[in-house]
Amino acid sequence: MLETASSLQQRGYSVSMIYGSMPPETRKKQMQNFIKGETTVIIATDAIGMGLNLPIRRIVFLQNDKFDGTRRRRLTSQEVKQIAGRAGRKGLYNIGKVAFTNDIPAMAKLLEKKDQEVHTFAIAPTSSVLERFQKYSRRLGTFFELWEKFESPEGTEKASLSEEQFLYETIKDTEIEARLSAGDLYGFLHLPFSTKEQVLVNQWQETMFAIVNGTELPEPFMRKGSLEDGELSYKAVGLHLLFLYRLDRRTEATYWERVRETFSDEVHERLKTDVKTLTKQCRNCGEKLSNDFKYGVCDRCHFTKIRSKPRNFKIYPHGKMKIPIWSQLFFGFFKREKQSGQPHFYLFLPSYDNHA
């Protein structure tokens, strides 16, 4: 995303950015820059489809898929419409325009596909359910097992509770579970933060031990070395605030709200500076790459990896025909060049190290 923004900026466009893990305050500033006309293009993930109303004339899809937390998959019809629906603004752009850069027929069908009616709604455990459960057992592990077996009524869909179960496994049979009621423990398990960030999971565990032992809460991760550090620090301070509010320590929370705001400002400034200075590099050797280069590794590293395979390594296209390795290299590379749209032809020399 930063690479795309940097490429556009180097061509003279002023750019705003919007993505899911961006601090809300930073997102608001990026949006205001666009609304005021200080930027003319927004580079965004599918987060832009979440109810953001902006004066956008045209939406251009550079990608048709997304990572949903488990795997990469194609956008659904509803997701395509949500994002495309950002184009157009009554009284300014009465007709919004949408463009796709690849797989255009399939994406056009998704845009025109009839929406499926919603026939279910999600249900999750309530405090009263947990209170009743506590009369029979204090182990939340038992509760999760029962929830897995529970068949939700027709027209409903039960919540997965996968993140709560993941956190529970990290403190199961510890003094945390022994000292807290099932309801209180579930409340801490249910705090909204990303369990995919190990730093945050460790912070959650350390804070839980501090709570049951009556010691000072540990300070969250805080660092301003890079954009990634700033974003992670914002999340860590946010998790610290969730604990403070749950413990009704609002005076301390006021201080930490100001700390979090400094990291939001840091991310905003980092976005401006990083976009200006970013250069695309091979992730293996660090060689500078053109911003238009489609792949994350340079050609030399790509073919070095292929040459490092055992001599008897065979590729079977479609599980049928054997092709000499030099032919596979040539046609594989030709396919790469054709897909990237670069107007080059390359001639392989016997060493595989030079091309022209």
Side-chain angles (χ1 to χ4, degrees), residues 1-67 72 75 79-89 92-93 95-102 104 107 224-235 261-283 286 288-296 340-342:
M1 182 172 175
L2 279 174
E3 291 170 354
T4 303
S6 178
S7 176
L8 285 171
Q9 193 147 302
Q10 290 172 22
R11 296 175 187 178
Y13 295 93
S14 50
V15 179
S16 287
M17 283 177 279
I18 294 175
Y19 50 88
S21 61
M22 176 180 283
E25 299 88 347
T26 306
R27 182 183 303 184
K28 185 176 180 180
K29 290 176 183 178
Q30 293 285 314
M31 290 168 58
Q32 286 300 318
N33 288 346
F34 184 75
I35 292 170
K36 293 176 182 177
E38 295 173 7
T39 57
T40 56
V41 178
I42 293 182
I43 305 297
T45 63
D46 61 326
I48 198 172
M50 305 302 173
L52 299 184
N53 293 315
L54 295 164
I56 298 173
R57 186 202 304 262
R58 177 183 288 105
I59 292 285
V60 179
F61 286 77
L62 300 182
Q63 290 183 332
N64 300 334
D65 57 2
K66 63 175 281 186
F67 181 70
R72 290 205 71 83
L75 294 170
E79 288 168 339
V80 172
K81 292 174 185 176
Q82 279 287 113
I83 298 168
R86 300 307 98 200
R89 188 73 177 267
L92 186 60
Y93 306 123
I95 298 178
K97 299 181 179 180
V98 181
F100 301 102
T101 56
N102 55 76
I104 296 173
M107 298 306 293
K224 292 185 176 181
S226 65
L227 175 62
E228 290 76 13
D229 285 340
E231 290 176 341
L232 183 56
S233 298
Y234 181 91
K235 295 175 185 177
E261 189 175 344
T262 65
F263 283 107
S264 174
D265 293 339
E266 169 73 9
V267 171
H268 183 68
E269 292 303 314
R270 278 282 176 183
L271 283 172
K272 291 192 289 188
T273 56
D274 286 10
V275 166
K276 290 178 181 177
T277 59
L278 182 72
T279 56
K280 189 170 184 178
Q281 295 178 320
C282 171
R283 63 171 176 259
K288 185 176 179 180
L289 303 173
S290 164
N291 284 324
D292 295 330
F293 194 72
K294 185 177 179 180
Y295 303 96
S340 67
Q342 297 181 6

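No experiment lies behind these values; they were computed from the predicted model shown.
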Heavy-atom closest contact ([X] atom, [Y] atom, distance):
| X | Y | value |
| --- | --- | --- |
| G20 | A47 | N-CB, 3.7 Å |
| V267 | Y19 | CG1-OH, 4.2 Å |
| A5 | M17 | CB-SD, 3.8 Å |

With rounding to the nearest 0.5 Å, note down the distance linking [atom1] in [X] to [atom2] in [Y].
| X | Y | atom1 | atom2 | value |
| --- | --- | --- | --- | --- |
| I48 | I56 | CD1 | CD1 | 4.0 Å |
| T262 | Y234 | OG1 | OH | 10.5 Å |
| I104 | F61 | CD1 | CZ | 12.5 Å |
| F263 | D229 | CZ | CG | 9.0 Å |
| S16 | R27 | OG | CZ | 13.0 Å |
| E38 | K29 | CD | NZ | 12.5 Å |

For this session: Take I42 and V15, measure what side chain to side chain contact (heavy atoms under 4.5 Å, CB included) needs, and give me the verdict at the end.
Result: CA-CA 6 Å; I42 293 182; V15 179; over 6 Å; no
Problem set entry | Side-chain (Q30) to main-chain (I18) donor-acceptor, under 3.5 angstrom | no
For this session: Check for a donor-acceptor pair, side chain of S14 on one end and backbone N or O of T40 on the other, with a separation under 3.5 Å.
Result: yes
Exercise. Any side-chain heavy atom of T4 within less than 4.5 Å of one from Q63?
Worked result: no
Exercise. Can you find a pair of side-chain heavy atoms, one from F100 and one from V80, that are under 4.5 Å apart?
Worked result: yes
Problem set entry | SB check E269 K272 (cutoff 4.0 Å) | yes
Counting only heavy atoms not in [X], do more than 12 sit closer than 6.0 Å to its [atom1] atom?
| X | atom1 | answer |
| --- | --- | --- |
| I95 | CD1 | no |
| K224 | NZ | yes |
| Y13 | OH | no |

For this session: Go through the side-chain N and O atoms of S6 and Q10 and say whether any donor and acceptor fall under 3.5 Å apart.
Result: yes
Problem set entry | Listed partners of I35 passing side chain to side chain contact (heavy atoms under 4.5 Å, CB included), at least two apart | Q32, L54, P55
Exercise. Going through the checks in order, is the side chain to side chain contact (heavy atoms under 4.5 Å, CB included) test met by T45 and K66?
Worked result: CA-CA 9 Å; T45 63; K66 63 175 281 186; over 6 Å; no
For this session: Not counting sequence neighbours, which residues clear side chain to side chain donor-acceptor pair (under 3.5 Å) with R270? List them please.
Result: E266
Exercise. Among pairs that include at least one residue of residues 48-58, which meet side-chain hydrogen bond (donor to acceptor under 3.5 Å, both in side chains), considering only residues two or more places apart or in two chains?
Worked result: N53-R86
